[in-house]
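To start, the structure itself, in structure tokens.
Any value given below was found using the heavy atoms of this structure, including those in side chains, with hydrogens, waters and symmetry copies removed.
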Amino acid sequence: MKLHELERNRGAKHERRRVGRGMGSGLGKTSGRGEKGQKARSGVSIPATFEGGQLPLYRRLPKRGFSNSDFKIRYATINVSDLNRFEDGSVVTPELLKETGLLKNQLDGVKVLGDGELEKKLTIKAHKFSRTAVEKIEKSGSKIEVI
């Protein structure tokens, strides 16, 4: 098969439906929208939850439970392997991580995760450390400081 021999599948290409064009189209006059009412107007947008003025289901059902998600503490995460870019003996702080571009935003704190290996001796200051991160940091001879 060559490029100039390619053809579309049957029915893959068809003419655009032109509504409101009168004779023969079957979609003249009201263009398939029926007569009057909100849905016959242009610019209509009725929410999927709208029930014609009846009290919507989500308001009829009882509300239960409590969500504390507004007050949840979210940590910006960084892996142990990302800390290899710093020189031996340097003190790694959240401010330094943001300055070097390793963190976009600090959120409510910084958590160090244990993915990868650490080959440098550093002093790492963060708000939280995972168990594996603590093991790998101590194995490399680095120090941990919880802020």
Side-chain angles (χ1 to χ4, degrees), residues 1-21 27 30-147:
M1 179 176 278
K2 296 186 173 76
L3 276 176
H4 68 274
E5 295 172 347
L6 290 174
E7 288 181 11
R8 283 196 176 89
N9 294 335
R10 249 186 98 223
K13 187 168 170 68
H14 45 86
E15 278 190 35
R16 185 170 64 93
R17 179 174 287 150
R18 297 178 71 219
V19 297
R21 289 302 185 282
L27 291 168
T30 54
S31 305
R33 288 173 176 258
E35 308 232 352
K36 296 187 180 177
Q38 188 178 7
K39 287 193 211 162
R41 316 291 184 208
S42 67
V44 64
S45 60
I46 305 167
T49 55
F50 186 65
E51 297 183 29
Q54 173 175 298
L55 197 67
L57 181 68
Y58 69 89
R59 289 190 57 200
R60 291 194 304 258
L61 295 174
K63 304 292 178 272
R64 289 189 47 123
F66 167 74
S67 172
N68 203 20
S69 61
D70 292 347
F71 306 102
K72 183 166 71 174
I73 297 172
R74 294 184 359 249
Y75 291 100
T77 58
I78 187 162
N79 281 306
V80 169
S81 59
D82 298 330
L83 301 173
N84 286 319
R85 70 162 55 182
F86 298 104
E87 290 151 27
D88 271 332
S90 59
V91 178
V92 180
T93 61
E95 292 78 30
L96 183 65
L97 291 170
K98 192 165 185 175
E99 206 174 283
T100 54
L102 280 171
L103 292 180
K104 280 189 185 148
N105 48 8
Q106 204 174 310
L107 301 176
D108 300 322
V110 176
K111 183 171 182 174
V112 180
L113 304 177
D115 190 36
E117 292 297 323
L118 183 62
E119 289 117 31
K120 308 269 176 86
K121 283 193 173 185
L122 306 167
T123 304
I124 303 158
K125 295 183 178 183
H127 299 87
K128 274 199 158 200
F129 294 87
S130 70
R131 198 176 309 124
T132 54
V134 171
E135 289 168 12
K136 289 179 180 182
I137 290 168
E138 287 174 348
K139 191 172 96 178
S140 74
S142 298
K143 290 182 191 149
I144 290 173
E145 286 186 34
V146 178
I147 301 173

>> Please evaluate residues Val112 and Ile144 with respect to the criterion side-chain contact (heavy atoms from CB on, under 4.5 Å), reporting the C-alpha separation (whole Å), side-chain torsions for both, the decisive distance (0.1 Å), and the verdict.
In response: CA-CA 10 Å; Val112 180; Ile144 290 173; over 6 Å; no
> If you count the non-hydrogen atoms of other residues, nucleotides and ligands that lie under 6.0 Å from CD in Glu87, is the total more than 12?
Replying inline: no
>> Counting neighbours of CZ on Arg21 that are heavy atoms of other residues, nucleotides or ligands and sit closer than 6.0 Å, is the number greater than 12?
In response: yes
> Only one of Val146, Val91, Leu83 forms a side-chain contact (heavy atoms from CB on, under 4.5 Å) with Ile124, so which one is it?
Replying inline: Leu83
>> Tell me every residue that passes salt bridge (Lys or Arg N to Asp or Glu O under 4.0 Å) with Lys139, counting only those two or more places apart in sequence or in another chain.
In response: Glu117
> Which value, rounded to the nearest 0.5 Å, describes the distance between Ser130 atom OG and Leu113 atom CG?
Replying inline: 5.0 Å
>> Is it the case that the side chain of Glu119 and the backbone of Asn84 share a donor-acceptor pair, with hydrogens and angles ignored and the cut-off at 3.5 Å?
In response: no
> Quick one: CG on Leu122 to CZ on Arg85, what's the gap to the nearest 0.5 Å?
Replying inline: 12.5 Å
> When rounded to the nearest 0.5 angstrom, what is the spacing between CZ in Arg8 and NE2 in His14?
Replying inline: 10.5 Å
> Just how far is it from atom CG of Asp82 to atom CG of Leu118, taken to the nearest 0.5 Å?
Replying inline: 10.5 Å
>> For the CD atom of Gln38 and the CD1 atom of Ile46, what is their distance to the nearest 0.5 Å?
In response: 4.0 Å
> Should we count CD of Glu5 as having more than 12 external heavy atoms under 6.0 Å?
Replying inline: yes
>> Rounded at 0.5 Å granularity, tell me how far OG1 in Thr49 sits from CD in Glu51.
In response: 7.5 Å
> How close do Ala76 and Asn105 get, heavy atom to heavy atom, and via which atoms?
Replying inline: CB-O, 3.4 Å
> Do you know which two heavy atoms are closest between Pro94 and Val110, and how far apart they sit?
Replying inline: CB-CG2, 3.8 Å
>> For Lys121 versus Ser142, what's the shortest heavy-atom pair and its separation?
In response: CA-OG, 3.4 Å
> Taking all atoms of both residues into account, what is the closest heavy-atom pair of Ser81 and Gly116, and its distance?
Replying inline: CB-CA, 3.8 Å
>> If you count heavy atoms of other groups shown closer than 6.0 angstrom to NZ of Lys128, is the number above 12?
In response: no
What donor-acceptor contacts under 3.5 angstrom involve side-chain atoms of residues 61-75, with partners at least two apart or in another chain?
| residue | atom | partner | partner atom | Å |
| --- | --- | --- | --- | --- |
| Lys63 | NZ | Tyr58 | O | 2.4 |
| Lys63 | NZ | Leu61 | O | 3.1 |
| Ser67 | OG | Ser69 | N | 3.3 |
| Ser67 | OG | Ser69 | OG | 3.1 |

> So, does Lys136 use its side chain to make a donor-acceptor pair with the main chain of Gly114 at under 3.5 Å?
Replying inline: yes
>> Please check: side-chain N/O of His127 versus main-chain N/O of Lys111, any donor-acceptor pairing under 3.5 Å?
In response: no
>> Main chain of Phe86, side chain of Lys120: is a donor-acceptor contact present, judged purely on distance under 3.5 Å?
In response: yes
> Under the side chain to side chain donor-acceptor pair (under 3.5 Å) test, which residues partner Arg131, sequence neighbours left out?
Replying inline: none
